[in-house]
Amino acid sequence: MAQPAHTLPAHPEKATLEGKNKYLGFWFFLGGETVLFASLFGTYLALRGSTADAPGPADLFHLELVFIMTMLLLTSSLTSVFAVISMKKGSFKGMIMWMWLTVALGLGFLGFEIYEFYEYNHLGLGYTSSAFASSFYSLVGTHGAHVTFGIGWIITLLIRYRKAGITLTNASKFYTAVLYWHFIDVVWVFIFTVVYLLGVGA
Amino acid sequence: MSNSSAAQKSVVWDWLTTVDHKKIGIMYFLAGLFFFTIAGIEAMLIRIQLMFPEMAFLGEQTYNEVLTMHGTTMLFLAAMPMFFGFMNFVTPLQIGARDVAFPFVNSLGFWLFLFGGLLLHVSYFTGGAPDAGWTAYAPLSTTSEGQGVDYYILGLQVSGAGTLMSGINFLVTIVNMRAPGMSMMRMPLFTWTTFVTSMLILFAFPALTVGLLLLMLDRTFGGAFFDIGLGGNVVIYQHLFWIFGHPEVYILILPAFGIFSEVISTFAKKRLFGYSAMVFATMIIGFLGFMVWAHHMFTVGMGPVANAIFAVATMAIAVPTGIKIFNWLLTLWGGRIKFTTANLFALAFIPSFVLGGVTGVQLAMSAADYQFHDTYFVVAHFHYVIIGGSVFGIFAATFYWWPKMFGYRLGEGLGKIFFWLFLIGFHLTFFIQHFLGLVGMPRRVASYLDGQGFNEMNLISSLGAFMMAVAFIFLVVNVIVSRKNTTNVTDPWDGRTLEWATTTPVQEFNFAQTPLIRDLDALWYEKMNGNGKIKAAEPLDEIHMPNGSILPIIMSSGLVVASFGVIYEMYLLIALGLLINFGCMFVRSIKEDHGYHIPVSEIKKQGGES
Ligand SMILES: [Cu+2]
């Protein structure tokens, strides 16, 4: 079932109508996701000063931790780009290797995020402590849920196609998963700016 | 794999697992009609309660529940699904496609909608339906007792997910699956409005998702978004809801605009006047629809600058809408008009909708809105646009596309009785409510006192509602007794667009050979300049079809199980439901399903040769 690499077209992810549909549909889906996160950002911005008696952004956020998390996620986006480059070159091994690296970096990010939430909770910021707390955990938590889903998705693909080679069917699957991963990354850049940088600055 | 395995299965199993856009369209339509009937009965209960002052027909609490369910059901579970039914059935045919882009997702969208709607209605049997109005404003909704509002939140969340998927599916279908020669500017207006409507769904529904999510987090998980004591802010919900809610109004009206464009040009026997202006007006309405949400919040205290900006933006929408009205009038101008039931609804729509538009501009004047706000004037306004626009559109489409969808023509005699009763009943019910509002009757209140000058007008309004109910019975009778009209169902109206070039019933592959489109109004062009048959763009060859799947129903059930977990705060149930859902996604992802092929011999046997 594995096609030899040299017969693959230049854009294997969009070579079939199904692949083309998936590609376009996924872009539309990301458009909807953008509105979803924009709504959460708007809510957060409206409530970020409403700390009640609980700790606020300036008491909690440490840029060192967030910097490490940002680096992990940005690098994981880079490795997923390398995976797509490998795919287009027809190197299945390379693609799989870079995707696993992406997963590892994503898991690292997730670990730090869990640690971060645990730490804030320890410092007295429960989910129900204040409107700021609810909106912070909801925004960052929704992003974290997306990361989790992305990791699960990519691992599923990696295991399912561990020996398949690049085919016209799985090329579009890997490609959309990478698109999703980039999107998560872009959202994080906004979270980094709007939540952490503004939070520490204020 | 061949299609023989598909043919052996039972009829019920076939419909439960179908991924055929035509069957899904029919199921959308019928499910929508079912919910339309329920919401109509709720409307009658409301009008009976308000028939006389201080009636005790429904208690206050029941009134609030019925009112909430009427609005919610009509918008989310009746009007939208019925439009989705037509979109699903007709749009792929109009662009010459074999199916939609994602048949599996299409089926999933339908089952999510249906299960979400049923979940909402379970609340009636478990201690009370939602009672916070269809808008579910916080803190009314966050402090509402019982589980009613939880059912509202989860029911709409589940069905909303389905709507979003369907929207994406239509978008990709229209962009990627058009037949050769079908450029964007040759698409029928109904396909265009499907496209713009889907765009609105895509960008509006996520705001509702977040709004409902915040309500859920506050009610079930102790969030503080709308808890003033902890720094919450209830106006955020209003913004989120209306960022969705105003585009929702256009989601409900644009498909109707598309239907009227088809119906009017067909029955005036003329090409639609100002086609490109119609297309651009649709896009402008869609765009402006996102810029005006705060006109629902003029009295919330945003200040004069914000109010003025949103007022002007709102009034600007009257311009593209006016362009459309004039284009329909000019299409009729000089046409050989046939007064079929479908066309009567289209013709009645024009003045009825203009009335609703005029009161819309009145309401858009933010200073004057302080007087109109939360009175029956608003109720009259939105029923004029939603019945006079969307519902008339649904009925026009019902009579217009019924032969193609169900294989028989609805009776014209009964149809006209239905039309006149409904039209008169509608105006009788709602015209007078403008004046009820102007003399100060507040909306959403279970009763009113004697001697305030409301009595006669309320009685007249209720009588009109009874007339509409009788009219609806005529429609149901029509559907039953007309089943013998099975002649002349392939192209009964001398149609202009591609769906009338298919056989009736439409073959599962729609077109044996992908059609070649040579002009706008593709079929009409061939009737005038060709031999009346659509040219083929490809030689007869075997056709690839997708396999059916039961997974959509299982996935939707999983989400319903998780929803019950949230409603009753049973965390194991949430986990179980999500496990079912993600398990199905996992199975779907790892199982490559390449569908099957219909061989040429089979296509020929089904009469697919043109
Ligand atoms: Cu509005």
Side-chain angles (χ1 to χ4, degrees), chain A residues 1 14 16-18 20-54 56 126-135 137-139 141-142 149 152-153 156-157 159-161 164 167 169-170 173 177, chain B residues 98 100-103 105 164-165 167-173 175-177 198-199 201-211 213-214 217-218 221-233 235-237 239-240 243-244 247 290 544 546 582 585-587 589-595:
Chain A
M1 59 189 285
K14 286 184 283 185
T16 60
L17 179 62
E18 267 173 348
K20 233 188 281 178
N21 286 347
K22 202 172 274 179
Y23 176 77
L24 181 66
F26 205 78
W27 271 106
F28 280 127
F29 170 72
L30 292 182
E33 287 266 81
T34 306
V35 178
L36 185 104
F37 276 105
S39 304
L40 287 169
F41 272 110
T43 309
Y44 174 78
L45 283 174
L47 296 176
R48 73 190 182 107
S50 306
T51 50
D53 294 328
Y127 186 76
T128 58
S129 302
S130 65
F132 156 72
S134 301
S135 61
Y137 284 124
S138 300
L139 170 60
T142 305
F149 182 81
W153 182 8
T156 306
L157 290 181
I159 295 176
R160 167 69 176 83
Y161 293 111
T167 65
T169 311
N170 67 25
K173 290 191 178 194
Chain B
R98 291 249 161 78
V100 290
F102 308 110
V105 172
L164 189 66
M165 286 174 199
I168 293 176
N169 190 14
F170 288 132
L171 285 171
V172 179
T173 304
V175 174
N176 273 357
M177 311 271 288
S198 304
M199 221 37 143
I201 288 173
L202 175 61
F203 292 116
F205 264 74
L208 176 72
T209 305
V210 172
L213 176 75
L214 301 191
L217 291 171
D218 260 24
F221 300 98
F225 294 99
F226 310 121
D227 185 336
I228 312 294
L230 292 173
N233 181 346
V235 180
I236 291 172
Y237 179 79
H239 279 291
L240 288 175
I243 286 171
F244 148 77
F290 280 101
H544 174 249
F582 286 114
M585 281 168 83
F586 180 75
V587 171
S589 175
I590 62 168
K591 233 184 89 187
E592 278 185 13
D593 186 350
H594 293 293

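Residue numbering restarts at 1 for every chain, and letters A, B, ... go by the order of the sequence lines. Keep in mind it's a predicted model, so treat the numbers as computed, not measured.
From Leu17(A), atom CG reaches atom CZ of Arg98(B) across 11.5 Å, with rounding to the nearest 0.5 Å. Atoms CG and CG, from Asn21(A) and Leu171(B) in turn, are 12.0 Å apart once rounded to the nearest 0.5 Å. The distance from the CD1 atom of Ile590(B) to the CG atom of Leu157(A) is 10.5 Å, given to the nearest 0.5 Å.
The two residues Phe28(A) and Leu202(B) come nearest to each other via the heavy atoms O-CD1, 3.2 Å. For the residue pair Gly231(B) and Leu47(A), the shortest heavy atom distance occurs at O-CD2, 3.7 Å. A pairwise comparison of heavy atoms in Gly25(A) and Ile168(B) identifies O-CG2, 3.7 Å as the closest pair. Between Ala224(B) and Ser134(A) the shortest heavy-atom distance is N-OG, 2.9 Å. Taking every heavy atom of both residues into account, Leu240(B) and Ser39(A) meet most closely at CD2-CB, 3.6 Å.
For the set Ser129(A), Ala131(A), Gly42(A), Gly31(A), the entry with the most heavy-atom pairs within less than 4.5 Å of chain B is Ala131(A). The residue among Thr169(A), Asp53(A), Leu40(A) with the most heavy atom pairs within less than 4.5 Å of chain B is Thr169(A). The choice from Asp227(B), Thr209(B), Ile236(B) that makes the most heavy-atom pairs within less than 4.5 Å of chain A is Ile236(B).
Neither the backbone nor the side chain of His239(B) comes within less than 4.5 Å of any heavy atom in chain A. Proximity to chain B (any heavy atom under 4.5 Å) is shown, for Phe37(A), by neither the backbone nor the side chain. Looking at Ile201(B), neither its backbone nor its side chain comes within 4.5 Å of chain A, counting heavy atoms on both sides. Within the 4.5 angstrom heavy-atom criterion, no atom of Met165(B) approaches chain A. Contacts between Phe582(B) and chain A at a heavy-atom distance below 4.5 Å involve the side chain alone, from C-beta outward.
Proximity of Met585(B) to Thr156(A): side-chain heavy atoms (C-beta onward) are nowhere separated by under 4.5 Å. Within the 4.5 Å cutoff, no side-chain heavy atoms of Phe102(B) are placed close to those of Glu18(A). Contact annotation: the side chain of Leu217(B) approaches that of Tyr127(A) to within less than 4.5 Å [non-hydrogen atoms, C-beta and beyond].
Under a 3.5 Å cut-off, the side chain of Thr128(A) and the backbone N or O of Gly223(B) do not form any donor-acceptor pair.
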Exercise for review: Mind running side chain to side chain contact (heavy atoms under 4.5 Å, CB included) on Ser50(A) and Asn233(B) for me, showing each step along the way?
Suggested key: CA-CA 9 Å; Ser50(A) 306; Asn233(B) 181 346; over 6 Å; no

Exercise for review: Could you please spell out the steps behind the side chain to side chain contact (heavy atoms under 4.5 Å, CB included) verdict for Phe225(B) and Ser138(A)?
Suggested key: CA-CA 10 Å; Phe225(B) 294 99; Ser138(A) 300; 3.2 Å; yes

Point to revise | Stepwise side chain to side chain contact (heavy atoms under 4.5 Å, CB included) test for Lys22(A) and Val172(B) | key: CA-CA 9 Å; Lys22(A) 202 172 274 179; Val172(B) 179; over 6 Å; no

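Within 6.0 Å of atom NZ in Lys20(A), 12 or fewer heavy atoms from other residues, nucleotides or ligands are found, so the atom counts as exposed in its surroundings.
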